[in-house]
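What follows is one structure encoded as structure tokens, with my remarks underneath.
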Amino acid sequence: MWNDPPGGFHPVSAPDFLPRPQLEAIQLQRLQSVVTRAYDNVALFRSRMDERGLTPASIANLADIARLPFTVKADLRDTYPFGLFASPMEQIVRLHASSGTTGKPIVVAYTQADLDVWSEVMVRSFAACGVHRGDVIQNAYGYGLFTGGLGAHYGAELLGATVIPISGGNTERQLMVMQDFGVTAICCTPSYFLHLIEAAREMKIDFSKLRVGVFGAEPWSEAMRERIQEDSGIRAHDIYGLSEIIGPGVGIECTEQRGLHIFEDHFYPEIIDTETGEVLPEGAEGELVLTTLSKQAMPMIRYRTRDVTALVSDQCACGRTLRRIRRIGRRSDDMFIIRGVNVFPSQVETALLRVEGTLPHYQIVLTRDKGLDQMEVKVEVTPEVFSDEIRKLEALQHKLEGSIENILGLRVKVTLVQPKSIARSEGKARRVSDLRNM
Ligand code: DLL
């Protein structure tokens with residue numbers, strides 16, 4: 001029932017199939033070198049190592065990684081913008097940014113060698129889900145500070161496929177291009193693809209040539225995969241990544257679609273107990289911690305992703321020796337993702353507090369409309385403001401929408417409500433319909 005590729009040519013990526021002892025030898029050698037690099041060049045990391053009485057020489061085997069200190073998102077905020085860089089600026093060729101927890105984003109950096117690794121893992125990702133030279137890839141991830149667009153772009157070019165750098169948005173144009181350019185693979189968020197399916201139905205367009213979707217940047221369920229695959233006839237693959245580690249291409253589902261292989265020669269995965277920080281055994285659910293084994297510009301040692309998953313250790317039928325993680329269903333913090341943009345309630349709060357006339361009582365309401373995630377912010381205004389004329393209230397509402405857009409890069413609807421009208425017990429964010437389990 002799939003629109004299978006003619007000839008079924010799949011490039012094979014040797015590092016995906018290394019015998020484990022060989023892979024682990026590479027991991028250890030790279031771990032020792034990245035720890036040395038971070039120790040020598042990043043003050044925060046060096047002081048944390050010193051506090052524990054550790055030096056790079058303390059890492060004698062892979063298990064020693066558990067002795068190293070964690071890195072957390074707040075470390076990127078506290079050293080904003082460049083405090084965790086391990087390369088001089090003349091060697092940094094690219095910067096990206098992602099949501100921080102307050103008003104400022106977090107910044108990540110790449111040397112040319114880092115970009116090469118990124119393209120390599122994206123080539124391996126495409127290959128793992130059966131995308132190859134000859135494919136026409138519509139890249140609808142956003143281009144810009146978000147890592148999705150450029151990450152997938154350079155990988156697709158290195159693969160030798162034809163890439164259409166259309167970026168996100170403008171659904172009608174997306175569908176026109178898909179049909180007229182003979183698109184065979186698409187990269188975007190799964191929720192946006194659902195929206196494309198719906199729009200295509202209305203415009204009476206079918207997905208006859210499209211074969212594969214490379215979907216990520218937000219959590220999605222197995223039920224959503226089934227719905228996408230049934231409604232469009234394509235194979236829908238889950239791709240995972242985060243700016244702090246590299247961007248998309250940390251892990252990907254192969255054609256078996258049973259967990260995401262982590263590119264372990266570049267990213268070392270651990271699962272920890274969120275409360276205690278203890279490393280959990282394989283198979284146990286917990287928080288994913290990643291160490292970049294080859295990053296130059298911004299090595300991340302034991303970065304706490306806050307993404308909840310489990311390591312799957314049994315051998316995959318595809319033959320890859322890379323371990324897998326289960327698809328990520330939730331996070332261990334309060335971050336949520338709207339149209340691929342990461343949002344922390346604390347960012348919304350910062351935006352609201354910048355504008356006078358509102359009370360610090362608000363509620364973020366999450367809904368889904370035609371496959372697209374929607375976010376509305378209800379904000380209580382002060383009694384004085386509430387009795388103002390409509391024109392003034394509208395001005396305040398626009399000011400708040402602008403302030404939120406400044407911080408999140410996302411336009412969301414703000415509704416002003418009377419003082420004391422938001423239930424104090426419901427929490428800052430409320431999902432009206434569950435976006436993930438559809
Ligand atoms: O979302 C990188 C990316 C781009 C991944 C395109 C895949 C495709 P950030 O903006 O830094 O980077 O957001 C990272 O998004 O910690 C997860 O919480 C979430 N996330 C990313 N991919 C998935 C996925 C990009 N496949 C954060 N499933 C991560 C569930 C995902 N959550």
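Counting convention: from 1, in listed order, for ligands and their atoms alike.
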Report task. Please report which non-hydrogen protein atom sits nearest to atom 31 (C) of ligand 1, along with the residue it belongs to and the distance in Å to one decimal place. Result -> Glu218 N, 3.7 Å
Query raised in the report: Looking at Thr147, which atoms of ligand 1 are within less than 4.0 Å of one of its heavy atoms?
Result: 2 (C), 12 (O)
Report summary line: Here the atoms of ligand 1 under 4.0 Å from any heavy atom belonging to Gly148 are 4 (C), 6 (C)
Query raised in the report: What are the atoms of ligand 1, with element, lying closer than 4.0 Å to any heavy atom of Ile337?
Result: 15 (O), 19 (C)
Report summary line: re atom 11 (O) of ligand 1, the protein heavy-atom contact at minimum distance is Ser243 OG, 2.6 Å
Query raised in the report: Out of Pro248, Ser99, Ser125, Gly149, who gets a non-hydrogen atom closest to atom 3 (C) of ligand 1?
Result: Pro248
Query raised in the report: Would you say Ala217 has any N or O atom under 3.5 Å from an N or O of ligand 1, going by distance alone?
Result: yes
Query raised in the report: Is there a salt bridge (charged side-chain N to carboxylate O under 4.0 Å, His left out) between Asp135 and Arg211 once you walk through the steps?
Result: CA-CA 9 Å; Asp135 268 312; Arg211 211 181 69 240; 2.6 Å; yes
**Report entry** Contact check, Met335 vs ligand 1, heavy-atom distance below 4.0 Å
**Finding:** yes
Query raised in the report: At what distance is the nearest protein heavy atom to atom 16 (O) of ligand 1, and which residue and atom is it?
Result: Asp307 OD2, 2.7 Å
Requested in this report: Please assess Tyr240 against Asp307 for the test side chain to side chain donor-acceptor pair (under 3.5 Å), listing each intermediate value before the final yes or no.
Outcome: CA-CA 11 Å; Tyr240 170 73; Asp307 292 318; 2.7 Å; yes
Query - Charged N-O contact under 4.0 Å between Arg330 and Glu285 - result: yes
**Report entry** Subset of ligand 1 atoms that lie under 4.0 Å from at least one heavy atom of Asp238
**Finding:** 24 (C), 26 (N)
Requested in this report: Can you sort out which atoms of ligand 1 are near Gly241, meaning under 4.0 Å from one of its heavy atoms?
Outcome: 2 (C), 5 (C), 12 (O), 14 (C), 21 (C), 22 (N), 25 (C), 29 (C)
Query raised in the report: Does the distance from a Lys or Arg side-chain N to an Asp or Glu carboxylate O, for Arg225 and Glu253, drop under 4.0 Å?
Result: yes
Query raised in the report: Taking atom types as modelled, is there a side-chain donor on Glu120 or His266 under 3.5 Å from an acceptor on the other?
Result: yes
Query raised in the report: Judged by modelled atom types alone, do Arg304 and Thr274 share a side-chain donor-acceptor pair under 3.5 Å?
Result: no
**Report entry** Test item: side-chain donor near acceptor, Thr415 and Glu376, under 3.5 Å
**Finding:** yes
Requested in this report: Check Arg331 against ligand 1 and report side chain, backbone, both or neither, counting heavy atoms closer than 4.0 Å.
Outcome: side chain
Query raised in the report: Does the cation-pi check pass for Lys295 over Tyr110, that is, NZ or CZ under 6.0 Å from the six-membered ring centre and within 45° of its axis?
Result: yes
Report task. For this output row, return yes or no: ring centroids of Tyr192 and His195 closer than 6.0 angstrom. Result -> yes
Query raised in the report: Which bit of Asn342 gets closer than 4.0 Å to ligand 1, counting heavy atoms only: side chain, backbone, both or neither?
Result: side chain
